[in-house]
Colleague: 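First, the structure itself, so that you have it in front of you.
Within every chain, numbering begins at 1; the chains are lettered A, B, ... in the order of the sequence lines, protein sequences first and strands thereafter.
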Amino acid sequence: MSGKRRRKLKSLVDTINDNKRLAIEVKNENLELQTWSDLPAELLELILSRLALDDNVRASVVCKRWHPVAIAVRIVNQSPWLMYFPKFGDLYEFYDPVQRKTYSVELTELSGSRVCYTKDGWLLLYRPRTHQVFFFNPFTREVIKLPRFEMTYQIVAFSCAPTSPGCVLFTVKHVSPTIVAISTCYPGATEWKTVNYQNRLPFVSSIWNKLVFCNGLFYCLSLTGWLGVFDPSERSWSVLSVPPPKCPENFFAKNWWKGKFMTEHNGDIIVIYTCSSENPILFKLDQSIMEWEEMRTLDGVTLFASFLSSHSRIDLPGMMRNSVYFSKVRFYGKRCISFSVDDYRYYPRKQCHDWGEQDPFENIWIEPPKDFSGFT
Amino acid sequence: MELLCIRQWISGLLPTVKKWLSAWCIKPVGGALVRQEPEYILLALMGSPLKKIMLCSSEKEIFSVEEQVMVQHSVIINNMIEDGSYNHEESKIPLDCVDSKTLKKVIDYCTHHTHHHNDNQEDLEAWDAQFLNVDSNGLYDLLMAANYLEIRNLLDLIYGTIKNMIKGKKIDEIRRIFNIKDHGFTPEEEEQNRKEYPHFY
């Protein structure tokens, strides 16, 4: 150390003994060394905002100064909520799996109707007595009416929120194994348009079919696992010559056609086959070779499976990732029943989950808008 | 004549030429001429791109570097030269928060990227990787210098490196890499963190 500094310190710590003085001298030197934990907040923000969610969480626990900045720039996606339809009355419940909280709200607009599909926070509903079809947003209470349509027991889907341009509704019903009647509509139309199409491969439709809109096309998975595709802009229909997903024999026990779920993620079609005595199997359609391949990992994605429509999400709180959340909440602990693909087990562990036995119209996963403050 | 002699000769002539050009109100033309001072026009006409500027580190060491190199990379230096607050004949730019070692590296980065900007992407990336092969203290100094001088692409590069230093690592390792000896959490807070994210530790 230079003589100058020693003299400076000596005047400060004159009365302190030698050991202590040495400690203070050393400490003064260390204070001059800038450290990463003392980065200016603006720089920290710029650095931490580039991290993926789990690295952001890591950074938040590295040191105290990084913690508030990491939290401030953290982007966590909104998880879908499970919406319950009451058998009687107008009180609807919404379950948030992240907060494990339930919200109740009275929705008189929905009396006498049953749910058909959901996407982008909008519901499609049908009144069987009057054949009324309408869109409803439970978060904004907006209603958008559609032309009447006699929807027998069939599944219907739509491509995007009715407030977005290019929203199309689609439903398919088989007339014979090689002929289907496809009906389409859109917000503002005066009637539904029904056209018959032929398919080379047999296709049977029922309420157990699954529908998903992906890459501008409607994909429809039949009872037996064949995939029909409708292009709403070209108005073309075909059944893909992709053999159904391969399942072990015991999957074809009772209700083998029932416990299925279909969704899409990043342009890929994902199908979940369940069986009461086994763990679920996930399949992804490999569009390059046109085959279903089994998915062993979800790569950080979370799937939300409900009978009528399912969703996929990325960047959810860590614990929720790589799991499939089913549409059932245990009363105790308010935990949603989920299947972890990584751990290859259900949470909570139970003898068997028979998803085929669930009431299809009991509940549905719905996507609330970002930063939804609550029901007024 | 040697280039140095030409430039000395021009410097000598400058006051007269300056007066002459401004009398004629010659304005800059084309993309290469972005200044309005006559000496720039003259030098551009003479085809001399090697105009140098002086940077002074915190340790009072002077570094001479091509003006176009620093102007291309550092927003701060570019602004200083644009608004005329830098007088080429007399002044040097004092950089009190950048030490000599770091300033040399920063100049090295800017010079390489200006002279090699036509290289293919892979070679540039390899050079950058080698350039950032420093310890965490060195990286810290580079970050501070790049931030002060506002060198966008160097900053982006450093952010990317820091991101990789954090990515997927255990907390204790991150603290070691960044030389964070005192994490600042109370024992209760640290325990709470370990309980909440056991797989990070």
Colleague: Quick check: are there more than 12 heavy atoms from other residues, nucleotides or ligands sitting under 6.0 Å from NE2 of B:H117?
Modeller: no
Colleague: Quick check against the 3.5 Å criterion: does A:R58 have a side-chain atom that pairs as donor or acceptor with the backbone of B:K169?
Modeller: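 Answer holds: yes.
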Colleague: When you look at A:W36 and B:L139, which way does the side chain to side chain contact (heavy atoms under 4.5 Å, CB included) test go after all the steps?
Modeller: CA-CA 10 Å; A:W36 285 96; B:L139 191 67; 4.0 Å; yes
Colleague: May I ask you to name which of B:K181, B:K167, B:E196, B:K170 has the most heavy-atom pairs under 4.5 Å with chain A?
Modeller: B:K167
Colleague: Apply side chain to side chain contact (heavy atoms under 4.5 Å, CB included) to B:Y197 and A:V57, showing your working.
Modeller: CA-CA 9 Å; B:Y197 307 109; A:V57 177; 3.4 Å; yes
Colleague: Hey, is A:K64 close enough to B:D182 for a salt bridge, meaning N to O under 4.0 Å?
Modeller: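 No, this pair does not count.
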Colleague: Does A:V62 form a side chain to side chain contact (heavy atoms under 4.5 Å, CB included) with B:F185? I'd like the steps, not just the answer.
Modeller: CA-CA 9 Å; A:V62 164; B:F185 289 114; over 6 Å; no
Colleague: Find out whether A:L51 and B:I166 are in side-chain contact, i.e. whether some heavy atom of one side chain is under 4.5 Å from a heavy atom of the other.
Modeller: yes
Colleague: Using a cut-off of under 4.5 Å on heavy-atom pairs, state which of B:L143, B:T186, B:L155 scores highest against chain A.
Modeller: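 If we count pairs closer than 4.5 Å to chain A, B:L143 comes out on top.
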Colleague: Give me the atom names and distance for the closest heavy-atom approach of B:F200 to A:D54.
Modeller: CZ-O, 3.5 Å
Colleague: Near B:E191 CD, under 6.0 Å, is it more than 12 heavy atoms from other residues, nucleotides or ligands?
Modeller: no
Colleague: Starting at CZ of B:R175, measure out to SG of A:C63 and round the result to the nearest 0.5 Å.
Modeller: 8.0 Å
Colleague: With rounding to the nearest 0.5 Å, note down the distance linking CG in A:N56 to NZ in B:K163.
Modeller: 12.0 Å
Colleague: Show your reasoning for whether side chain to side chain contact (heavy atoms under 4.5 Å, CB included) applies to A:L43 and B:Y159.
Modeller: CA-CA 9 Å; A:L43 267 185; B:Y159 293 154; 3.5 Å; yes
Colleague: Rounded to the nearest 0.5 Å, how far does OG of A:S60 lie from CD1 of B:I171?
Modeller: 7.5 Å
